[in-house]
Every structure is written in structure tokens, then in C-alpha cells.
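Presented below is the structure to which this report refers.
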Amino acid sequence: MTPPLAVDIDGTLTDEDRAVYPPVLPVLREWDAPVVLATGKALPYPVALCEFAGVERTVVAENGGVAFVHATDDLLFLGDREAAQNVVDEYVETGHELGWGSHDLVNRWRETEVAVSREAPLEPLQRIAADHGLEVVDTGFAYHVKSPDVSKGRALEAVAERLDRDPTDFVAVGDSINDVSTFEVAGRSFAVANADEPARETADEVLDAAYGEGFLEAVERVR
Ligand SMILES: O=C(O)COP(=O)(O)O
Ligand SMILES: [Mg+2]
């Protein structure tokens, strides 16, 4: 029986240059069980990836702050951006920048958290976030200012319920600390070889291959 997948995007379906690794696309499209793309990026990014890949739009975005389930037409908001925006406003008032240029396409469509470039100073961001009861998660791609109550894992539980699946039916594949909660909820989890320490420690198995090749290795192990 083919298991449903909960798959991270950046660092897992991509190559080392953050571009989607083409061989993963037919695997996602032909997978004969639900595929949930679970990312720290804003909702339009995983939705567009599903559209262009021919995969049903079942996505977790913003580290679990937003989720969309095409099968039930549910759009879920599991986080509240205002608190994160207050942190970032204070951060900017103290003279720092988010680091995404004047149009900021990284945050333009976010609704429940705010992402800051890893080029920006982390310590003041962490201090201000803590003052507001929020956390900063470093995914290796960006610093995410978010509520500790929001996670990809909790969003996967909400999505699984709408798909009438048990979260432990899922196989999860990821590369970073923001995938740890997904690994804890899924029945079986894989960290790609390029994964950070928290992801490697939490995953059931660490793959030999990195990035998109790692994802392909994982699906071969579970087919
Ligand atoms: O956008 C990020 O920071 C990370 O994205 P990911 O969760 O798809 O790896
Ligand atoms: Mg990732």
C-alpha cells in the first residue's frame, strides 16, 4: 500500500542551488496516495509548485501557519501574523532591514508569520521575538518569526484529518529544524543527507543521498 507523503520543499525537493530537482516532479505527480508539500514559504509558492507539477494542491505553508486541502476545499489559518509583524516592526525601528529588497516577495503573501534574511543580525531579532513570546526558526534559508504553537506537524495533523488519514500513515522527508515536528507526527521519517542536526536526530532514517536525490532514495525505500 503506497503511503501518503509529507514533503518539505527547500533542501528536499530542490538541488543545492534551491532550484526544484526535475526528477522529483514525475514521482510527485504519479504518487498514488496523497502528497502534502509542507514548507516555510508563503502559500503561493507551494500552490504554484503543485499546479506546475500536476500535483493536487494539498499544502502546508508558513511553517504550518496556513494550510490548503484541495480535496475538501479547506483553507486553514493556524497562526496570527500580527504578533510576528509587531516583532519585525520593532526590529526595523531599531535600524535593521528584512533583507529582501524593496518589494519583499518573501513576505508579500504571508499571513501568519514573517521571514527575515539570514544576512540580517539574528541576536536582536531573537531578543525582540522573545519579548513578544515568539520564536525565531532558522531553516537554513531564512529566519522565521513565528508563534511556538504553530508547526508543520500540527498543520499536517489538521490536513490528515481532512483527508481522513491518520498522521502516522504519512512518510515525511525533510532537511531542517522546521521539519522536526512533521517527523514527530508522521509514521516514518527521513532526513536527507544535507539535513541539519535537529532534523537528522529526529528522523527515523538519515538518507545517503542529499537534496532531491535524497527524496528519490526515500520514496524507493517506501514504495
Ligand atoms: O523558506 C524556508 O525558510 C524553508 O523552506 P522549506 O520549509 O520548504 O525548506
Ligand atoms: Mg527545507
Side-chain angles (χ1 to χ4, degrees), residues 5-21 24-25 28 35-50 52-53 55 57-68 78-79 81 84 88 98-100 104-120 122 125 129 134-146 150-156 159 172-186 189-203 206-207 209-215 218:
L5 301 177
V7 193
D8 169 64
I9 299 178
D10 268 312
T12 304
L13 292 178
T14 63
D15 61 18
E16 57 279 9
D17 299 324
R18 302 187 64 175
V20 170
Y21 183 60
V24 307
L25 295 175
L28 293 172
V35 173
V36 179
L37 295 191
T39 179
K41 290 187 172 323
L43 187 65
Y45 289 87
V47 167
L49 178 51
C50 287
F52 295 134
V55 174
R57 290 165 299 154
T58 315
V59 300
V60 167
E62 300 191 20
N63 291 302
V66 186
F68 177 68
L78 305 170
R81 173 160 176 173
V88 164
L98 301 196
W100 308 115
D104 189 359
L105 299 189
V106 169
N107 290 304
R108 187 182 182 94
W109 300 287
R110 284 183 191 274
E111 305 187 65
T112 66
E113 61 160 31
V114 183
V116 177
S117 164
R118 297 184 80 243
E119 306 300 311
L122 176 58
L125 184 64
L134 297 187
E135 65 176 357
V136 178
V137 173
D138 178 2
T139 65
F141 295 91
Y143 297 140
H144 292 260
V145 180
K146 60 183 285 297
V150 168
S151 72
K152 289 188 186 181
R154 287 189 64 171
L156 177 62
V159 169
V173 190
D175 77 310
S176 164
I177 189 169
N178 70 335
D179 299 311
V180 161
S181 60
T182 322
F183 292 176
E184 288 167 345
V185 161
S189 56
F190 295 91
V192 290
N194 52 293
D196 64 17
E197 214 35 54
R200 299 169 74 89
E201 276 162 21
T202 313
V206 179
L207 297 154
Y211 297 103
E213 279 294 338
F215 168 74

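First listed ligand is number 1; within each ligand, the first listed atom is number 1. Note that the structure is a prediction, hence the values are computed from the model and not measured.
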So which of the N, O or S atoms of Asp8 lies nearest the Mg ion (ligand 2)?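 Among the N, O or S atoms of Asp8, the one closest to the Mg ion (ligand 2) is OD2.
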
In Asp175, which N, O or S atom comes closest to the Mg ion (ligand 2)?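 Of all N, O or S atoms belonging to Asp175, OD1 is the one nearest the Mg ion (ligand 2).
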
Taking Glu62 for its side chain and Thr112 for its backbone only, find out whether a donor-acceptor pair lies under 3.5 Å.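 Checking the backbone N and O of Thr112 against the side chain of Glu62, a donor-acceptor pair under 3.5 Å is found.
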
Set of side-chain contact (heavy atoms from CB on, under 4.5 Å) partners for Tyr211, sequence neighbours left out: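 Checked Tyr211 against side-chain contact (heavy atoms from CB on, under 4.5 Å); matches are Thr14, Glu16, Asn194.
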
Can you tell whether the side chains of Glu113 and Arg81 come within less than 4.0 Å, N to carboxylate O?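 Salt bridge flag = no for Arg81 with Glu113.
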
So do Val60 and Leu37 actually touch side chain to side chain, heavy atoms under 4.5 Å?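 No, too far: nothing below the 4.5 Å cut-off.
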
Do Val20 and Leu49 make a side-chain contact, defined as non-hydrogen atoms from C-beta onward lying under 4.5 Å apart?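 In short, these two side chains touch, coming nearer than 4.5 Å.
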
N or O contacts of ligand 1 with protein under 3.5 Å, please list pair by pair.
residue  : atom  : partner : partner atom : Å
ligand 1 : 3 (O) : Thr139  : OG1          : 2.6
ligand 1 : 3 (O) : His144  : NE2          : 2.7
ligand 1 : 5 (O) : Asp10   : OD2          : 3.4
ligand 1 : 7 (O) : Asp8    : OD1          : 3.0
ligand 1 : 7 (O) : Gly40   : N            : 2.7
ligand 1 : 7 (O) : Lys152  : NZ           : 2.9
ligand 1 : 7 (O) : Asn178  : ND2          : 2.9
ligand 1 : 8 (O) : Asp8    : OD1          : 3.1
ligand 1 : 8 (O) : Ile9    : N            : 3.4
ligand 1 : 8 (O) : Asp10   : N            : 2.9
ligand 1 : 8 (O) : Thr39   : OG1          : 2.6
ligand 1 : 9 (O) : Asp8    : OD1          : 2.7
ligand 1 : 9 (O) : Asp8    : OD2          : 3.4
ligand 1 : 9 (O) : Asp10   : N            : 3.4
ligand 1 : 9 (O) : Asp10   : O            : 2.9

How many angstroms lie between atom CG of Leu105 and atom CH2 of Trp100, to the nearest 0.5 angstrom?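 With rounding to 0.5 Å, CG (Leu105) is 11.0 Å from CH2 (Trp100).
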
Can you spot which of Val145, Val114, Val106 makes a side chain to side chain contact (heavy atoms under 4.5 Å, CB included) with Leu98?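 Going through the options one by one, the only one that passes is Val114.
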
Report yes or no: does Asp10 have an N/O/S atom closer than 2.8 Å to the Mg ion (ligand 2)?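 An N, O or S atom of Asp10 is closer than 2.8 Å to the Mg ion (ligand 2), so yes.
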
